[in-house]
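Below: one structure, written as structure tokens.
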Amino acid sequence: MAAPLALTDAEDPSFAELLALRPHLSLHAMDGLVMEGVPLARIAREVGTPAWVYSAGALRRRARALKSALADAGLTASVHFAMKCNDNLAVLKVLAAEGLGADVVSGGELRIARAAGIPGPAIVFSGVGKTEAEIRLALAEDIFQINAESAEEIAMISAIASAMGRTARVALRVNPDVDARTHAKITTGKSENKFGVHFDEAPAIYARMAALPGIAPVGIATHIGSQITAGMAAYRAAYARLAEMVQALRAAGLPVERVDCGGGLGIPYRDEPAPSPEALAGAIKATLGPLGLPVMLEPGRWIAGPAGVLLASVVLQKRGASHRFVVVDAAMNDLVRPAMYEAWHGIVPLSAARAAAPLSPAEVVGPVCETGDTFARGRLLPDLSPGDVVAFLDAGAYGAVMSSTYNARPLAPEVLVDGTRHAVVRARQTHEELLHGQRVPEWLAT
Ligand code: LLP
């Protein structure tokens with residue numbers, strides 16, 4: 001199984017090469033690593049570490065790049081940010097101001113999207129196991145579209161909508177059975193995956209759905225996987241199958257108003273080939289364009305990933321029997337991607353002097369009591385001292401949202417940088433908050 005997120009033996013990019021591709025970050029002789037106009041060392045001093053920091057400028061630039069690629073291809077498209085990758089209110093506000101809607105996967109996300117001011121009619125609800133309460137909430141908020149993933153779920157939606165006297169706009173999520181050649185844990189478009197209905201069964205399910213009360217069928221949806229870097233072939237294959245299906249549905253006299261193309265566009269964490277939004281827009285245009293329908297996109301990582309970093313301080317450097325260990329104060333409970341997917345994240349010292357010092361291989365590890373709490377192996381880094389701060393790059397997507405409090409480690413704060421301004425947009429969790437909600441039963445209290 002190909003695992004493009006995994007470490008390979010090829011040479012890692014240098015600090016300069018990593019920063020060159022991330023224009024919101026720059027290394028200055030005096031200020032060290034700067035995000036937009038704010039030295040990251042200042043943020044580390046003010047809020048402590050570990051801490052997540054997001055660039056509003058990068059979020060805006062990336063949202064605009066994606067929208068203009070779609071417009072330039074002549075597509076009528078709406079972009080719904082997959083907020084599972086970053087559900088910070090301030091981040092959502094920045095993206096909502098750029099005209100992005102939200103793709104939500106739970107009632108919790110739906111509430112956060114509404115709190116960020118994203119209107120119901122700009123929200124799409126995906127997910128294989130929506131509960132009755134979540135469907136009710138979606139209908140009450142009059143959201144744009146529910147992506148249904150099974151005939152069973154469609155029956156549920158029909159019953160709930162009818163009881164509420166509402167009509168649910170439902171798209172059918174189709175599993176196109178293509179291999180997006182991404183990491184096994186995040187591929188979704190193969191027939192053995194749990195997502196969507198099987199391609200061959202979709203037309204019949206769609207026809208039955210059209211006859212149900214409380215449901216307005218609006219189209220079909222797909223999402224073939226995440227961190228797709230292996231070119232456009234899988235996208236093209238999936239969208240071509242969708243186009244064929246739309247034609248068949250239309251021929252059967254069924255209404256199809258739009259196609260939801262999902263998300264998945266990958267980013268170069270290390271030096272993977274980076275598919276561009278233009279390439280994706282081109283693939284959509286070539287396959288779905290002739291249908292003349294509006295399309296929807298649900299990108300997450302491509303927009304938010306490169307916009308964020310995780311700051312961590314070096315606790316100590318320890319010489320093991322065969323390795324140099326750099327122990328930092330962030331851990332797998334903060335950024336789980338390396339432990340979970342063998343993901344590679346750039347690690348850059350904040351100090352320009354450190355970044356220019358001689359490099360040698362290091363194991364970068366967190367303090368959690370698991371061998372898996374390893375961020376990088378054999379990474380070329382300078383000698384680091386306690387208190388030195390490093391930035392883990394591309395931590396804006398699937399970073400803070402996947403954190404846990406494992407080892408009773410409070411959730412790290414989030415900071416938004418916007419030009420020369422910055423603000424804490426989520427406070428660090430306190431130890432009191434960690435204890436909050438815990439109860440000792442009365443019979444153990446004495
Ligand atoms: N739409 C649906 C239905 C999805 O399931 C996903 C992601 C997206 C959109 C957004 O995909 P993106 O554009 O961000 O690739 N935790 C993993 C990634 C899990 C992705 C799950 N679904 C990671 O850290 O790599």
Side-chain angles (χ1 to χ4, degrees), residues 3-6 59 62-63 66 78-87 91 95 100-106 109 113 123-130 145-150 153 171-176 180-190 193-197 220-230 234-235 238 259-270 272 274-277 280 295-308 310 332 334-345 375 392-404:
L5 303 181
L59 291 167
R62 300 183 74 81
L66 197 56
S78 57
V79 179
H80 303 262
F81 177 62
M83 58 181 280
K84 64 169 74 70
C85 84
N86 189 320
D87 62 13
V91 166
L95 296 177
L100 266 56
D103 165 42
V104 306
V105 290
S106 69
E109 286 191 354
I123 297 174
V124 47
F125 193 170
S126 313
V128 287
K130 303 172 201 78
Q145 173 175 313
I146 299 178
N147 288 349
E149 303 230 5
S150 63
E153 184 177 65
L172 182 61
R173 177 160 174 188
V174 177
N175 188 325
R181 290 169 54 214
T182 182
H183 191 279
K185 284 184 184 166
I186 54 176
T187 195
T188 51
K190 290 199 279 180
N193 299 134
K194 68 181 175 182
F195 301 97
V197 301
I220 51 179
T222 199
H223 170 75
I224 57 175
S226 193
Q227 182 56 7
I228 296 173
T229 52
Y235 274 123
V259 176
D260 183 344
C261 297
L265 199 57
I267 57 170
Y269 283 97
R270 189 191 193 191
E272 301 92 326
S276 67
L280 179 59
V295 296
M296 299 160 63
L297 235 66
E298 302 168 353
R301 185 191 323 261
W302 195 88
I303 289 175
L310 171 65
M332 65 190 287
D334 302 299
L335 179 64
V336 76
R337 301 193 69 260
M340 194 151 170
Y341 315 111
E342 300 85 41
W344 193 100
H345 283 260
F375 289 114
F392 289 86
L393 304 184
D394 307 320
Y398 306 108
V401 287
M402 292 181 78
S403 302
S404 74

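Just so it is clear, the values below take in all heavy atoms, side chains as well, and ignore hydrogens, waters and symmetry mates. In each ligand, atom 1 is the first atom listed, and ligand 1 is the first ligand listed.
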Show which atoms of ligand 1 fall inside a sub-4.0 Å distance from at least one heavy-atom site of [X].
{"X": "Pro299", "result": "13 (O)"}
{"X": "Glu298", "result": "1 (N), 2 (C), 3 (C), 8 (C), 9 (C), 10 (C), 13 (O)"}
{"X": "Gly263", "result": "9 (C), 13 (O)"}
{"X": "Arg173", "result": "3 (C)"}
{"X": "Arg301", "result": "12 (P), 13 (O), 14 (O), 18 (C), 23 (C), 25 (O)"}
{"X": "Ser226", "result": "11 (O), 12 (P), 14 (O), 15 (O), 18 (C), 20 (C)"}

Side chain of Asn175, backbone of Phe195: donor and acceptor closer than 3.5 Å?
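Yes, the answer is positive, given that a donor and an acceptor are paired below the 3.5 Å cut-off.
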So, does His80 use its side chain to make a donor-acceptor pair with the main chain of Glu298 at under 3.5 Å?
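Not at all, since once roles are kept as given, no pair shorter than 3.5 Å links the two residues.
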Check whether any N or O atom of Gly300, backbone or side chain, sits under 3.5 Å from an N or O atom of ligand 1, and answer yes or no.
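N/O-N/O distance below 3.5 Å exists for this pair.
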Side chain or backbone, does Trp302 bring an N or O within less than 3.5 Å of an N or O on ligand 1?
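In this structure, Trp302 places no N or O atom under 3.5 Å from an N or O of ligand 1.
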Ligand 1 versus [X]: contacting region, heavy-atom distance under 4.0 Å:
{"X": "Met340", "answer": "neither"}
{"X": "Cys85", "answer": "neither"}
{"X": "Asp103", "answer": "side chain"}

When you measure from the heavy atoms of Gly264 to every atom of ligand 1, does any distance fall below 4.0 Å?
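Yes, that is the case, since the closest heavy atom of the residue is under 4.0 Å from the ligand.
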Testing the basics here: between [X] and [Y], what is the closest heavy-atom pair and its distance to 0.1 Å?
{"X": "Ile224", "Y": "Ala238", "value": "CG2-CB, 3.7 Å"}
{"X": "Phe125", "Y": "Ser106", "value": "CE2-N, 3.5 Å"}
{"X": "Ile267", "Y": "Gln227", "value": "O-NE2, 2.8 Å"}
{"X": "Asn86", "Y": "Phe81", "value": "O-CE2, 3.3 Å"}
{"X": "Gly266", "Y": "Trp302", "value": "O-CD1, 3.4 Å"}

Any idea which of Ser126, Gly266, Ala82 brings a heavy atom closest to atom 10 (C) of ligand 1?
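Closest candidate by heavy-atom distance is Ala82.
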Which option wins on minimum heavy-atom distance to atom 20 (C) of ligand 1: Tyr398, Tyr341, Phe81?
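The option holding the nearest heavy atom is Tyr398.
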Salt bridge present between Glu153 and Lys130 (N-O < 4.0 angstrom)
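Salt bridge flag = yes for Lys130 with Glu153.
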Could you tell me whether Arg301 and Asp394 have a side-chain N and a carboxylate O separated by less than 4.0 Å?
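Not counted as a salt bridge, because no side-chain N and carboxylate O are separated by less than 4.0 Å.
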